[in-house]
Amino acid sequence: MLRLLKYEFRKRIATLSVVLAILLLTQGWALFCLCTKEHADQLVLPFTFLIIFGFLGTVFLFFDGVSTFSSEFSDKKGYMMFLTPNSPGAIVGAKFLYAVITVVGGYSLFHLFAYWDYSLFINKWENVKEGTKVLEQIARAMFGMSLGNVTLYGMVFGIIRMLTLIAFGYLAVTISTTVLANHKYKVFLTIAVFVGVLVLVGVLTSAATNFLMETLTDQIGLSQSLETGMTALPEESNFFDILKVIEKTKMAEAMHVGMVIDVGFSVLQWAAAYFLSVVLVKKKVSL
Amino acid sequence: MLKCESLTKKYGSKLAVHNLTLNIEKGKVYALLGSNGSGKTTLMKMIAGLTHPTSGTILYENQPIGIASKKEIAYMPTDSFFYKYMSIKDVGKYYKDFFQDFDEEKYKELLERMELSEKLKASSLSTGLGAKLKLCVTLARKAKLYMLDEPLNGIDIIAREQVMNTILEAMNEENSFIISSHLVDELETVIDEAIFIKNGVLELNRSAEELRAQYNNSISEIYKMIYLGKGEF
């Protein structure tokens, strides 16, 4: 599978280089402005571009991955993989792995740049640093961890959502190029299958997560302790007093369990999408 | 070596191959003959594992088509299929990475003989040069079964002899060849058996020598008789 993976990268090295070059150039511009400009508002443009390109770059990598996956399963380029003595599991696995590496890599790089710029930014403008203290307190109360760690968790969850999207995108393409290969409305049906599966899985996962979370919050008496704490607050209490009440409950514990449940369901979804894709390729591939 | 039993392939409502039963033996050269759309390519693609039969079975050395068969079957498709970025040298590297039986030295030797430079882009080659490249990379494998789909497609009359000689040199008692071609005359002297397919159905599968003796005609003429509906077979 590693050899197949090597060729996945080799095939798309030009595309990856362009995405990387754009991201690096935008970051260079942001850094230049951070070091040379005197006013914070002069950084709006480079930061906006960095966010837009970071987001668009990840979305582009998603579409590029899915479209390449689609073309190789439906046209002659697929011969390059399917003529070789590799199992469908290895072929599909290499493509999934490529998506994981590029999306995780791209997303992490973008966040690394954002964190770097943010650190420089708050060091240069002290008044901004003061503002982040409120965010820090919210993070401690709600999640029981620092703002930096909450940001890291946010990044990990962003990657998880992206990978789920890719896994179902690949599954939809596999269905389109196998079961629906000769169907007149295969493009329409593929989109319908993709959206349908995403909605169905989303509803089921959300229902299961809610059920588990409700059971948990009942067990730890979260609603009760929150209600008691809030009722006991004097009328003149401010936002920080509310945060202190939340901090005393087991809200952070519930949030952590919620995250674990979410990750667990996501892993199950990826595994299901991968195995179903492999079975379809094994039984139905038609090049 | 290879057994196809009641093989059928449908693309939607179109029947590409219908109830085809075939035996391929070791050490023989088979001509797979038929008009356009008769099902020759579909049959080869099923044997190569590129497409699955709708029904029926294919056994290579008594095992279903899969990783083991792909290690021993070298298929030369009629279409160009190399990745866009690939030079002729990259094509060789790719085959070396995936096929244990790929002989890099032989590949270089075949390229030289076909006057193909390793620096050329595979995707920008003309049909004829592309066919030569596909042939070089396929024959550089020490496979047990070679399947060549229209190996003479786009190759000019001068180079045809060179290509046929290259194919002939690769033949021995340990391997078998299935060659499809519209240019029946070119295959006339090299084949042991002729397989005629018409509209996805196996019309005839006999020894070339027997056919020539029985109909007192060349394979090329028998081909015309079958496809023009002249005579009983």
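Each chain gets a letter, A, B and so on, in the order its sequence line appears, and its residues count up from 1.
Within a 6.0 Å radius of NZ in Lys198(B), more than 12 heavy atoms belonging to other residues, nucleotides or ligands are found. Atom CZ of Phe188(A) has 12 or fewer neighbouring heavy atoms from other residues, nucleotides or ligands inside a 6.0 Å radius. More than 12 heavy atoms of other residues, nucleotides or ligands sit less than 6.0 Å from atom CG of Leu200(A). The local environment of OH in Tyr83(B) is crowded, with over 12 non-hydrogen atoms from other residues, nucleotides or ligands closer than 6.0 Å. Annotation for Phe157(A): atom CZ counts as buried by contact number, over 12 foreign heavy atoms lying within 6.0 Å. Residue-environment remark: OH (Tyr115(A)) stays at or below the threshold of 12 foreign heavy atoms within 6.0 Å. Within 6.0 Å of CD on Glu112(B) lie no more than 12 heavy atoms contributed by other residues, nucleotides or ligands. Heavy atoms from other residues, nucleotides or ligands lying under 6.0 Å from NZ of Lys121(B) number more than 12.
Taking each heavy atom of Lys45(B) and Lys76(A) in turn, the nearest pair found is NZ-NZ, 4.1 Å. Shortest non-hydrogen contact noted between Lys77(A) and Lys84(B) is CE-N, 4.4 Å.
Of the listed residues (Phe82(B), Tyr95(B), Tyr75(B), Tyr94(B)), the one with the most heavy-atom contacts under 4.5 Å to chain A is Tyr94(B). By number of non-hydrogen pairs under 4.5 angstrom with chain B, the leading residue of Lys11(A), Met80(A), Met81(A) is Met80(A).
Heavy-atom distances place both the backbone and the side chain of Lys71(B) under 4.5 Å from chain A. Residue contact with chain A, scored on non-hydrogen atoms closer than 4.5 Å, involves the side chain of Met86(B) exclusively. Interface remark: Phe99(B) contributes side-chain atoms only to the contact with chain A (heavy atom separation under 4.5 Å). Residue Asp79(B) touches chain A through its side chain alone, counting heavy-atom pairs closer than 4.5 Å. Interface remark: Ser69(B) contributes no atoms to any contact with chain A (heavy atom separation under 4.5 Å). Proximity to chain B (any heavy atom under 4.5 Å) is restricted, for Lys6(A), to the side chain, taken from C-beta onward. If you measure heavy-atom distances from Lys14(B) to chain A, you find no contacts under 4.5 Å at all. In this structure, chain B has no heavy atom under 4.5 Å from any part of Ile13(A).
Phe81(B) contributes atom CZ, which lies 6.0 Å from atom CG of Leu83(A) (distance to the nearest 0.5 angstrom). Atom OH of Tyr7(A) sits about 7.5 Å away from atom NZ of Lys93(B), to the nearest 0.5 Å. Atom NZ of Lys70(B) is separated from atom CZ of Phe82(A) by 7.0 Å, given to the nearest 0.5 angstrom.
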